[in-house]
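Structure first, then comments.
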Amino acid sequence: MAKAPRRGPYICGIDAALDVVSGKWKGLILWELDAHRVRRFAELRRDLPGVSEKMLTQHLREMEEDSLVHRVVHAEVPPRVEYSLTEQGRTLNNALRPLGAWGVERIRREGSETVAVAETSPG
């Protein structure tokens with residue numbers, strides 16, 4: 001069972017921010033939705049190598065609860081569900097850009113291996 005999100009008390013702003021982005025896949029989900037604007041579940045799963053259906057579902061639910069992701073269910077057969085960033089999700093993604101730039105520099109400096117992915121956004 002997934003743990004309930006913390007709601008404080010927090011030690012500082014970084015503590016509160018990390019509470020929202022904790023989890024291996026949340027930052028990558030933010031990045032993917034920023035790059036493509038709207039994604040269906042299968043598209044997210046395909047473009048995030050290694051994520052399980054269970055973890056993607058869990059993270060998307062948590063991110064929706066935290067008002068980072070907007071979920072739209074279209075009344076079709078079969079149902080079509082689309083995810084996009086909310087305004088809070090976009091501002092969080094913008095706040096994470098410097099961290100992404102720091103990570104890119106670290107990859108370059110250490111000669112680390114990266115995973116090839118389709119179309120990317122900076123960071």
Side-chain angles (χ1 to χ4, degrees):
M1 181 172 174
K3 69 174 186 149
R6 289 188 325 155
R7 299 283 183 223
Y10 295 111
I11 297 168
C12 63
I14 289 178
D15 187 21
L18 290 177
D19 186 28
V20 174
V21 294
S22 64
K24 177 178 180 177
W25 302 103
K26 288 183 182 178
L28 295 173
I29 293 167
L30 286 168
W31 172 75
E32 185 70 21
L33 291 175
D34 184 59
H36 298 283
R37 303 291 177 224
V38 175
R39 297 305 258 170
R40 294 176 70 177
F41 184 88
E43 292 171 320
L44 286 168
R45 182 138 189 247
R46 180 190 66 227
D47 292 339
L48 298 173
V51 69
S52 69
E53 187 171 325
K54 177 184 175 184
M55 285 309 299
L56 183 56
T57 299
Q58 179 181 325
H59 283 338
L60 286 167
R61 284 182 184 157
E62 290 173 3
M63 293 172 78
E64 188 178 7
E65 287 174 19
D66 288 329
S67 301
L68 301 175
V69 170
H70 183 66
R71 180 177 182 261
V72 175
V73 180
H74 297 274
E76 300 174 357
V77 177
R80 179 170 46 109
V81 180
E82 296 178 330
Y83 296 91
S84 60
L85 291 178
T86 63
E87 183 59 31
Q88 283 191 53
R90 283 189 290 279
T91 61
L92 176 57
N93 212 36
N94 288 337
L96 291 173
R97 283 189 200 288
L99 182 60
W102 182 89
V104 167
E105 177 55 28
R106 181 174 187 266
I107 290 168
R108 186 202 59 75
R109 184 177 59 249
E110 295 186 3
S112 299
E113 201 174 319
T114 59
V115 175
V117 292
E119 209 177 306
T120 62
S121 67

Rounded distance [0.5 Å steps], [atom1] in [X] versus [atom2] in [Y]:
X   : Y   : atom1 : atom2 : value
E62 : S22 : CD    : OG    : 7.0 Å
L48 : W25 : CG    : CH2   : 6.5 Å
L68 : E87 : CG    : CD    : 11.5 Å
K24 : H59 : NZ    : NE2   : 9.5 Å
H70 : Y83 : NE2   : OH    : 11.5 Å
T91 : L96 : OG1   : CG    : 9.5 Å

Shared ILVMFWY cluster between [X] and [Y], side chains joined below 4.5 angstrom?
X    : Y    : result
L28  : V38  : no
V72  : L44  : no
I29  : L18  : yes
V21  : W102 : no
I107 : V115 : no

How far apart are the closest heavy atoms of Y10 and D19, and which atoms are they? OH-OD2, 2.5 Å
Heavy-atom nearest pair, R80 first then E76, reads NH2-OE2, 2.7 Å
Look at the side chain of R90 and the backbone N and O of L85, then say whether any donor-acceptor pair between them is shorter than 3.5 Å. yes
Taking side-chain contact (heavy atoms from CB on, under 4.5 Å) as the definition, give me every residue that meets it alongside R37, ordered by chain and number, with sequence neighbours left out. D34
By side-chain hydrogen bond (donor to acceptor under 3.5 Å, both in side chains), which residues pair with E105, not counting sequence neighbours? R108
In this structure, which one of R46, E82, R45 forms a side chain to side chain contact (heavy atoms under 4.5 Å, CB included) with R39? R46
Within-4.5 Å side-chain heavy-atom neighbours: F41 and L60: yes
